[in-house]
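To keep things clear, I will list the structure first and then write my remarks on it.
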Amino acid sequence: QKHVFSACAAASIYPRSAYEAVGGFDEDFFSYMEDLDLDFRLQLSGYPCLYLPDAIVRHVGAGSTHSRSGFMLRHGHRNLIWTFVKDMPGAFFWLLLPWHILANLIYFLLSFLLEEGSELRRGKLEALHKLPEVWEKRKQVQRNRKVSAWSIAKQLDWNPLSPLIKMTYK
């Protein structure tokens, strides 16, 4: 076993006490990235995420919607913004915010080249529209944080090319 930052909820088991302590899944997310949000809040509260290499889980990712569907693009890109705003701790939020904005702007512009790009843009705009509500949730999440921002930062993948590398292995 080894510690990881997050796992697909379809392949996860959560101790009920930990799940309840962080408020469970955020229903506003509905679909996509809801597991990352939950795992981020668990990490912030000091609950580790363990990878068990011998465990076998069969899960068809995007089985209900198909990969790169408009539904996936809308919810995934909306929830990506919400997860960052809600969960990124302390100084790292402010340090990474310009890069987060830049990355989202690039995705927004590239969406004009995608068949379902209007759904990606819709997700980004929905995220911005609900930012005041997400900011209120952030206050609660950060107030309940039990680990340092530095301990979270040490677990993050700081390679800006990682998303591109991971996309080539799908």
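Because the structure is predicted, anything quoted here is derived from the model rather than measured.
Shown here are the ring-ring contact (aromatic ring centres under 6.0 Å, His included) partners of Phe29, two or more places apart in sequence or in another chain: Trp82. Shown here are the ring-ring contact (aromatic ring centres under 6.0 Å, His included) partners of Phe25, two or more places apart in sequence or in another chain: Tyr19. When the side-chain contact (heavy atoms from CB on, under 4.5 Å) test is applied to Ile81, the partners found at least two apart in sequence or on another chain are Val85, His100, Asn104, Lys124, Ala127, Leu131. Partners of Trp150 under the ring-ring contact (aromatic ring centres under 6.0 Å, His included) rule, at least two apart in sequence or in another chain, do not exist in this structure. Residues forming a side-chain contact (heavy atoms from CB on, under 4.5 Å) with Gln155 (at least two apart in sequence, or on another chain): Phe5, Gln43, Ile152.
The side-chain tip of Arg121 points at the ring of Phe112 from less than 6.0 angstrom away and within 45° of straight on.
No donor-acceptor pair under 3.5 Å is formed between the side chain of Arg78 and the backbone N or O of Arg122. In terms of modelled atom types and a separation under 3.5 Å, the side chain of Asp39 and the main chain of Ser6 share no donor-acceptor contact.
Salt bridge present: Lys137 and Asp28 bring a charged side-chain N and a carboxylate O closer than 4.0 Å.
A side-chain hydrogen bond (donor to acceptor under 3.5 Å, both in side chains) with Arg74 holds for exactly one of Glu126, Glu119, Glu116; it is Glu126.
Ring-plane geometry between Phe30 and Phe71 is classed as perpendicular, the angle between the planes exceeding 60 degrees on a 0 to 90 degree scale with a lower cut at 30.
Side-chain heavy-atom separations under 4.5 angstrom define the hydrophobic clusters, and the remaining members of the one that includes Leu105 are Leu109.
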